[in-house]
Amino acid sequence: MTINFVRGDYHQIRFKFKSYSGSIDAMYLTVKCEQKLPRIRKKLGDGIELVDGWYVVTFEPEDTNEISCSLNLMYDIEIFVGDKPFTIMKDQFLLEEDITTPKEEV
């Protein structure tokens, strides 16, 4: 699932597990560009919440305000069951250029 939204905007994605109902000890969403330091990092309890059976990832404007739209960004979501990691999702993270920037808002 590609994540795509306008840079500097508030955005949420949500997902649920179809074939797993066990406990999850940790969950991370990481956005990187060409294996450099993470640009965005969310974790269960801090940017990722469980709401009515759905995992909801929230992106705040400050998460993307300073990220160039021309970067080739990728993300993954990794869970830990005990000490075992499982990557459950991986795809592109696309930011569209914002037209109205915070400096121009009235």
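- Taking each heavy atom of Ile48 and Leu29 in turn, the nearest pair found is CD1-N, 3.9 Å.
- Taken from SG in Cys33 to CG in Leu73, the straight-line distance is 5.5 Å, to the nearest 0.5 Å.
- Shown here is Glu62, whose CD atom has more than 12 heavy atoms of other residues, nucleotides or ligands within 6.0 Å.
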Identify each donor-acceptor pair in which a side-chain atom of residues 37-45 lies under 3.5 Å from a protein atom, sequence neighbours left out, and give them as a table.
{"from": "Arg41", "atom 1": "NH1", "to": "Thr30", "atom 2": "OG1", "distance (Å)": "2.6"}
{"from": "Lys42", "atom 1": "NZ", "to": "Thr58", "atom 2": "O", "distance (Å)": "3.0"}
{"from": "Lys42", "atom 1": "NZ", "to": "Asp63", "atom 2": "OD2", "distance (Å)": "2.7"}

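- Atoms NZ and CG, from Lys32 and Asn72 in turn, are 14.0 Å apart once rounded to the nearest 0.5 Å.
- Residues Leu71 and Val31 share a single hydrophobic cluster, defined by chaining ILVMFWY side chains whose heavy atoms lie under 4.5 Å apart.
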Donor-acceptor contacts under 3.5 Å from residues 75-95 side chains, at least two apart:
{"from": "Tyr75", "atom 1": "OH", "to": "Met1", "atom 2": "O", "distance (Å)": "2.4"}
{"from": "Asp91", "atom 1": "OD2", "to": "Met1", "atom 2": "N", "distance (Å)": "3.0"}
{"from": "Asp91", "atom 1": "OD2", "to": "Thr2", "atom 2": "N", "distance (Å)": "3.2"}

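- Taking the ring centroids of Phe59 and Tyr10, they lie at or beyond the 6.0 Å cut-off.
- Of the inter-residue distances, the one linking Glu97 atom CD with Ser70 atom OG reads 8.5 Å to the nearest 0.5 angstrom.
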Starting from the C-alpha separation in whole Å, work towards a yes-or-no answer on side chain to side chain contact (heavy atoms under 4.5 Å, CB included) for Phe5 and Ile13. CA-CA 10 Å; Phe5 63 101; Ile13 62 165; over 6 Å; no

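- Counting only residues at least two apart or on different chains, no ring pair (Phe, Tyr, Trp, His ring centres under 6.0 Å) pair has a member in residues 28-49.
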Can you give the donor-acceptor pairs under 3.5 Å from side chains of residues 49-56 to other protein atoms, not counting sequence neighbours?
none

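- What you find for Gly8 and Pro61 is that their closest heavy atoms are O-CB, 3.0 Å.
- Sorted by first and then second residue, the salt bridge (Lys or Arg N to Asp or Glu O under 4.0 Å) pairs involving residues 13-31 (not counting sequence neighbours) form an empty list.
- The structure places CZ of Arg7 at 4.5 Å from CG of Asp98, a figure rounded to the nearest 0.5 Å.
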